[in-house]
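Just so it is clear: chains get the letters A, B, ... in the order the sequence lines come, proteins before strands, and each one is counted from 1. Only heavy atoms go into these numbers, but all of them, side chains included; no hydrogens, no water, no symmetry mates.
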Amino acid sequence: MSQISLTFPDGNSRDYPAGITAAAVAESIAPSLAKRAISASLDGRHIDLQWPIDASGAISINTMKDDAPALELIRHDFAHVMARAVQELWPDVKVTIGPVRDFGWFYDFDRAEPFTPEDLGRVEAAMKQIIALREPVRTEVWDRDRAVAYYKDRGEPFKVELIDRIPEGEPLRMYWHGDWQDLCRGPHLQNVGQLPADAFKLTHIAGAYWLGDSTRPMLQRIYGVAFRNRDELKAHLTMLEEAAKRDHRKLGREMELFHMQEEAPGQIFWHPNGWNIYTTLQDYMRRKQRADGYVEVNTPQVVSRKLWEASGHWDNYQENMFIVEVDEEHAKTKTVNALKPMNCPCHVQVFNHGLKSYRDLPLRMAEFGSCNRYEPSGALHGIMRVRGFTQDDAHIFCTEDQIESETKKFIEFLAGIYADLGFTEWRIKLSTRPEKRIGSDESWDRVEAALGNACKAAGYEYELFPGEGAFYGPKLEFVLRDAIGRDWQCGTLQVDPNLPERLDAEYVGPDGAKHRPIMLHRAVLGSFERFIGILIENSSGKLPFWLAPRQVVVASIVSDADGYVHEVVDSLRAAGIRAEADTRNEKINYKVREHSVAKVPAILAIGMKEVEDRTVSLRRLDQQGSRLLPLAEAVATLKDEATPPDLR
RNA sequence: GCCGGUUUAGCUCAGCAGGUAGAGCAGCUGAUUUGUAAUCAGAAGGUCGCGGGUUCGAUUCCUGCAACCGGCACCA
């Protein structure tokens, strides 16, 4: 038998007969290690202790102390144990697939009856019983015919289809958790008893299409979360509760920012407080864009079908458009229009008005463009995914040579805005040419390189997403990370030579001939609605002072102070601060509590002492105690804080 | 759009094996003039999501629809 050489993490290596298992390797190092071993990593690949090793490489033995492999195994074995429990409880259930995901796993089942929340408790109990049996996990490689025959025999059509989808030549591996068998890539733990029976929870039931395809049957998915121990599970559940507390829909109601109602699904009724955030953010964006060389335009909401036919949207996206028809009873002739789902075709109309010269390029045309899209009902989510929204949209008309410098300029622009809005952690995704595309390979080469070079020139790395670009051009996407680690794709820059062609945009070049410009579609926030939702959740509603809808409440302690309270409010308002008086006949404790719950960042309490000394007592949100300072000083300090970051 | 769930006062929720409903908070009225996260009292507040059916009688049972929630699919 041939020998292989395995290198350990400490740099030493040892020879073993080919075909040795990682379990035997661990045993050869130390019996105690073999006892604690759960899996191994071979040249970075996570492998099962039972698998034979046929070639030399770098090996390390994993124990429960190794976070990533331990959690992967635990979650994956839980998926199998759950599927076993479900089939023990309901033998007619068909199994499909059950992968590991963030914090846990899911498994999709086919069953005529829907699972109920009560069923989850039964499944959890059955899983604990299975774990208590401490049965061994074993594995074998089967040939295709045997595997297909086995699953046909057992009446598991989904598994048969899965096998058909696995490429010829790839080994089909079977795993047994006790007597329960599943087709699985592995690796797994060695014994079901290694699972922490007190560190998992089945969280919810949901529908999910087989193979993620909406034309295939809908299965029932059960989600679970699992950790190495009870404390980690508890910490996770606490984190979920914290996340629920910052839900923008809840805070939107509590802070009286907006509401939505049945008569206008997917559209927002902004209340004074919420609209304050919106306009403050929009004013800021408008100043930033002006300073960066954009011109602002505004274009129609209701646009004839003819333009959408010319742009190509009528053919491809009609299902998602609000169609507005005017019939013969109202007008002499019938017209068919659509609410604009995007601004680009309208911007080309502005560009096309009058003859443009190469000297006009790059032309950066911005619009806070209100758009309406008939989003599928199931996609709507608070103010994050709506049917009526306003983009911070702009189109840069330029030559191909200008793409790189315009992209670099845009990345710097966007970086400054994200920093101002409190997002320091974000990344860039570069999506390149898809299979089905227009344009020559040479032009794709040039444009993709321009985007990549622009990122580097601006000082940012990017991740490559091959094949993910649009059919007409590559794009950059800017993904920011919020305070609790969630990612949000907000900014985008899309290179588009197609729409100028379709809508016949042109400019006169230095050679006196007409040329097509390139369009760069770009946005920083995406939409104001969604971005405000992100801002609310990122800050738990405690927005930075300059964005807070109610910045200061001046609260009287005794009614004899009311006159001075109004004087203080007037001084603050004169300095441009959003201040309100609270002279209700209530205790100061009551007022402090109420305005703290409402997340007002500063409360000024006014009693007779302040009246006599012409001072204010300043209390900051989430801080104990207060600070006494002269009125003029308080106004100056707060005015400073209320100044938007671009005006400081 | 698909699967499952939910819909009762402004908000959070209880209740009803079929006889038209309750609490806390908010709001209103009165008393209290109060020093940094809830002062006390009183009165009031609901076509039980919308439509149809069964029934002597429906908030409760059946059925259709809508919106919302959790996912899936979608996001030009």
Side-chain angles (χ1 to χ4, degrees), chain A residues 106 108-111 113-117 119 203-223 244 247 249-250 253-254 256 259-266 308 311-321 341-345 371 373-382 384-387 389 470-472 475 489 492 494 496 498-499 521 526-527 530 553 555-562 583-598 600 603-610 617-628:
Chain A
F106 63 77
D108 288 347
F109 301 99
D110 183 42
R111 179 187 180 221
E113 290 279 296
F115 289 116
T116 65
D119 289 340
T203 54
H204 53 281
I205 308 158
Y209 294 110
W210 168 234
L211 300 173
D213 182 342
S214 60
T215 64
R216 307 296 305 269
M218 173 129 316
L219 306 170
Q220 295 189 65
R221 176 171 295 180
I222 301 180
Y223 287 91
D247 188 308
R249 292 165 298 188
K250 178 174 142 68
R253 195 169 48 238
E254 288 171 0
E256 296 178 71
H259 86 270
M260 303 175 89
Q261 65 188 49
E262 204 172 317
E263 289 77 4
W308 307 115
S311 70
H313 294 104
W314 191 263
D315 282 344
N316 293 315
Y317 306 109
Q318 198 184 140
E319 279 176 14
N320 291 309
M321 289 163 73
M342 49 185 21
N343 307 298
C344 10
C371 296
R373 297 179 186 174
Y374 191 76
E375 300 285 5
S377 56
L380 303 179
H381 180 86
M384 298 283 208
R385 186 82 184 270
V386 287
R387 287 183 177 156
F389 57 94
F471 70 90
Y472 48 77
K475 65 178 172 184
Q489 195 243 299
T492 179
Q494 167 89 53
D496 183 4
N498 179 54
L499 199 61
H521 309 254
S527 86
R530 179 163 173 273
V553 168
S556 59
I557 296 171
V558 292
S559 52
D560 284 346
D562 288 0
T583 54
R584 290 174 304 170
N585 177 9
E586 294 290 351
K587 290 193 164 186
I588 190 65
N589 300 45
Y590 179 89
K591 297 182 183 180
V592 165
R593 176 181 150 77
E594 190 177 277
H595 300 123
S596 298
V597 168
V600 176
I603 299 172
L604 299 184
I606 308 289
M608 289 320 287
K609 199 164 62 180
E610 287 78 11
S617 166
L618 170 61
R619 182 195 167 98
R620 313 303 303 242
L621 183 58
D622 284 341
Q623 281 179 24
Q624 291 295 317
S626 58
R627 201 155 67 97
L628 197 67

Rounded to whole angstroms, how far apart are [atom1] on [X] and [atom2] on [N]?
| X | N | atom1 | atom2 | value |
| --- | --- | --- | --- | --- |
| A:Leu499 | B:A76 | CG | P | 15 Å |
| A:Glu586 | B:U29 | CD | P | 12 Å |
| A:Arg619 | B:A37 | CZ | C1' | 7 Å |
| A:Asn320 | B:C74 | CG | P | 12 Å |
| A:Glu113 | B:G5 | CD | P | 11 Å |
| A:Phe109 | B:C72 | CZ | P | 17 Å |
| A:Arg221 | B:C72 | CZ | C1' | 7 Å |
| A:Glu594 | B:G27 | CD | P | 6 Å |

Between [Y] and [X], is there a side-chain heavy-atom distance shorter than 4.5 Å?
| X | Y | answer |
| --- | --- | --- |
| A:Met342 | A:Tyr317 | no |
| A:Ser617 | A:Leu628 | yes |
| A:Lys591 | A:Ile603 | no |

Have a look at [X] and say if it touches a base, only the backbone sugar-phosphate, or nothing, with a 4.0 Å heavy-atom cut-off.
| X | result |
| --- | --- |
| A:Pro117 | nothing |
| A:Ile588 | sugar-phosphate |
| A:Asp622 | base |
| A:Pro114 | sugar-phosphate |
| A:Glu610 | base |
| A:Asn589 | sugar-phosphate |
| A:Met608 | base |
| A:Lys591 | nothing |
| A:Ala206 | base |
| A:Phe115 | nothing |
| A:Gly312 | nothing |

Hey, is the side chain of A:Tyr209 pairing donor to acceptor with the base of B:G1 inside 3.5 Å?
yes
Is it the case that the base of B:A73 and the side chain of A:Arg216 share a donor-acceptor contact (distance under 3.5 Å, atom types as modelled)?
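It does not, because no donor-acceptor pair links the side chain of A:Arg216 to the base of B:A73 below 3.5 Å.
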Can you measure from CZ (A:Phe115) to CD (A:Glu113) and round to the nearest 0.5 angstrom?
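Those atoms lie 10.0 Å apart.
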Spacing of NE2 belonging to A:His521 relative to OG1 belonging to A:Thr492, to within rounding of 0.5 Å
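OG1 of A:Thr492 is found 9.0 Å from NE2 of A:His521.
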Would you say [X] reaches [N]'s phosphate, i.e. side-chain N/O to OP1/OP2 under 4.0 Å?
| X | N | value |
| --- | --- | --- |
| A:Arg249 | B:G70 | yes |
| A:His381 | B:G70 | yes |
| A:Arg253 | B:U12 | yes |
| A:Ser377 | B:G1 | yes |
| A:Tyr590 | B:A26 | yes |
| A:Arg530 | B:C75 | no |

Are A:Arg584 and A:Glu594 close enough, and set up right, to give a side-chain contact (heavy atoms from CB on, under 4.5 Å), and what steps lead you there?
CA-CA 12 Å; A:Arg584 290 174 304 170; A:Glu594 190 177 277; 2.8 Å; yes
Taking Watson-Crick and G-U wobble contacts under 3.5 angstrom, with | marking pairs to another strand and [ ] crossing pairs, the secondary structure of RNA chain B is written (((((((..((((.....[..))))..((((.......))))......(((((..]....))))))))))))....
Minimum heavy-atom distance between A:Pro114 and A:Asp119, given as atom pair plus value
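That closest heavy-atom pairing would be O-OD2, 4.1 Å.
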Side chain of A:Ala208 (C-beta onward), nearest among B:U36, B:C74, B:C72
B:C72
